[in-house]
Amino acid sequence: MIYADNAATTKLSDTALEAMLPCFQEYYGNPSSVYAAGQNAKRLLENARRQIAACLGAEAREIIFTSGGSESDNQALRTAAAIGAASGKKHIISTAFEHHAILRTLDTLAQEGFRITLLDVPENGIISAEQIEAAIRPDTALVSVMYANNEIGTIQPIAEIGAVCRKRGVLFHTDAVQAAGHLPIDVRMQQIDLLSLSAHKFHGPKGTGILYAKKGLRPARLICGGGQERGVRAGTENLPAIVGMAAALTESANKISDDTAILTRRRDRLIAGLRQIPDSVLNGDQERRLPSNVNFSFDGIEGETLLILLSAAGICASSGSACASGSTEPSHVLRAIGRSTPLAHGSLRLTIGTDITDNEIEYIIRTVTETVAKLRKTSRRLV
Ligand SMILES: *Cc1c(COP(=O)(O)O)cnc(C)c1O
């Protein structure tokens with residue numbers, strides 16, 4: 001099996017697994033308990049917080065543990081909305097190609113009286129700081145722009161957007177779920193106020209993530225209960241997952257430049273190979289994209305059918321995002337960059353890991369080329 005769907009989730013790394021194992025049967029105490037077993041767990045928890053903060057250029061007290069990217073996105077938007085509303089600012093700027101965790105939360109905020117501006121996305125899939133600046137109004141409370149897009153992999157100019165927001169006194173949130181562990185992050189240098197990440201996108205465990213909230217910002221509480229996470233996120237901490245996340249983030253952050261070199265070469269070979277397919281178009285900027293991401297549209301085919309045939313050939317890929325699979329709605333991301341409905345339906349996303357070999361890359365190119373040709377022949381016979 002060739003796994004080329006790392007944007008959907010990644011395999012747990014050995015380092016993360018080894019860090020997690022003692023937490024299950026050795027350090028099983030509740031970090032809130034006063035006896036030694038609890039305090040040992042507490043120490044692991046706070047070590048993990050410091051490790052993660054160090055990877056982001058943040059302070060430990062700015063890190064809140066959550067259940068993953070979706071929860072962090074919800075909490076980030078709710079935090080900025082509450083802060084804005086307290087001073088009468090109820091306008092939020094975001095973009096049309098965000099993850100649904102952002103878009104659906106913005107829908108509910110709109111129902112609660114917030115005014116939402118969703119910026120159009122240029123065909124290359126990159127939002128500019130100028131677009132952001134032009135959309136800021138006196139009542140703007142928040143700008144939320146994803147660091148890297150989960151479908152087309154395009155990378156946004158986060159530091160430039162952060163500078164515009166800081167200059168205009170507007171809070172800046174970035175959904176960095178696809179970026180963390182793959183692209184450099186420094187919340188101070190990039191002037192980020194709120195940031196979401198999720199462990200399972202960088203070889204950590206599923207169901208855990210963090211919200212970074214710059215000191216001085218009081219995070220809005222989504223889950224009420226005990227006083228964990230300084231009262232802003234109740235619930236006994238998932239210690240094994242948190243420790244695994246810290247190990248996985250540290251490991252990936254240390255390998256970013258090596259991994260980027262390996263992945264970029266393979267990605268560019270995949271792009272060059274798939275480009276030879278007639279009536280194909282690359283989705284998203286060719287260079288300013290995650291080194292792991294390839295996304296093409298092929299005219300005249302159904303992405304879902306292509307996926308089934310690729311799966312039979314041992315290739316795990318995706319068409320649009322995994323969450324959208326099963327629905328017949330074309331990807332909102334591909335629509336946002338202006339792809340027609342047929343092209344949006346005929347998309348294929350391959351997101352590679354460093355374990356993929358040159359031979360596997362060639363096999364993918366050959367198999368996709370043959371399968372697309374076969375599907376087109378069949379659909380021509382039908383008409
Ligand atoms: C995967 C993903 C999320 C959701 O993260 P979960 O931990 O699965 O809830 C949010 N945003 C982006 C960009 C993602 O890729």
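We count ligands from 1, going down the list as the structure has it; atoms in each ligand are counted the same way. For the numbers below, each heavy atom of this structure counts, side chains included, while hydrogens, waters and symmetry mates do not.
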Check your understanding: Can an N or O of Gly69 be found at a distance shorter than 3.5 Å from an N or O of ligand 1?
Key -> yes

**Study point:** Closest protein heavy atom to atom 3 (C) of ligand 1, given as residue, atom name and distance to 0.1 Å
**Key:** His99 NE2, 3.5 Å

Review point. Identify the closest protein heavy atom to atom 7 (O) of ligand 1: which residue and atom is it, and at what distance?
Key: Ser198 OG, 2.6 Å

Point to revise | Side-chain heavy atoms of Asp259 within contact of Pro291, under 4.5 Å | key: no

Review point. Does a sphere of radius 6.0 Å around CG in Asp268 hold more than 12 heavy atoms from other residues, nucleotides or ligands, not counting ones at 6.0 Å or beyond?
Key: yes

Check your understanding: Ser70 to ligand 1: N or O pair under 3.5 Å?
Key -> yes

Review point. Looking at atom 8 (O) of ligand 1, what's its closest protein heavy atom, distance included?
Key: His200 NE2, 3.0 Å

Check your understanding: Are Arg166 and Asp193 within salt-bridge range, i.e. N to O under 4.0 Å?
Key -> yes

Review point. Looking at Thr105, Thr79, Thr66, which hits side chain to side chain donor-acceptor pair (under 3.5 Å) with Asn74?
Key: Thr105

Practice item. Taking all heavy atoms of Ala220 and all of Gln75, pick out the closest pair and write down the distance. Key: O-NE2, 2.8 Å

Revision key, fill the gap. Separation between OG (Ser128) and CD (Gln131), nearest 0.5 Å, reads 4.0 Å

Review point. What's the shortest heavy-atom distance between Leu197 and Met245, and which atoms?
Key: CD1-SD, 4.2 Å

Review point. Which ligand 1 atoms are under 4.0 Å away from a heavy-atom of Met146?
Key: 13 (C)

**Study point:** Under 3.5 Å donor-acceptor, His200 side chain and Pro205 backbone
**Key:** no

Check your understanding: How about Lys201 and Thr10: does a side-chain donor come under 3.5 Å of a side-chain acceptor?
Key -> no

Practice item. Could you list the atoms of ligand 1 found under 4.0 angstrom from a heavy atom of Asp73? Key: 10 (C), 11 (N)

Review point. If you measure every N/O of Asn150 against every N/O of ligand 1, is any gap under 3.5 Å?
Key: no

Review point. Between Ala317 and Leu350, which heavy-atom pair has the shortest distance, and what is it?
Key: CB-CD2, 3.6 Å

Practice item. Answer with yes or no whether Glu98 contacts ligand 1, where contact means a heavy atom under 4.0 Å from a ligand atom. Key: no

Review point. Looking only at N/O atoms, are Glu71 and ligand 1 under 3.5 Å apart anywhere?
Key: no

Review point. When you look for heavy atoms under 4.0 Å from ligand 1, do you find them on the side chain of Ile102, its backbone, both, or neither?
Key: neither

Check your understanding: Which bit of Ala101 gets closer than 4.0 Å to ligand 1, counting heavy atoms only: side chain, backbone, both or neither?
Key -> neither

Exercise for review: Among all protein heavy atoms, pick the one closest to atom 14 (C) of ligand 1 and tell me residue, atom and distance.
Suggested key: Lys201 NZ, 3.1 Å

Check your understanding: Nearest protein heavy atom to atom 11 (N) of ligand 1, by residue and atom, and its distance?
Key -> Asp175 OD2, 2.7 Å

Check your understanding: Counting from 1, what ligand 1 atoms have a heavy atom of Gly68 closer than 4.0 Å?
Key -> 7 (O)

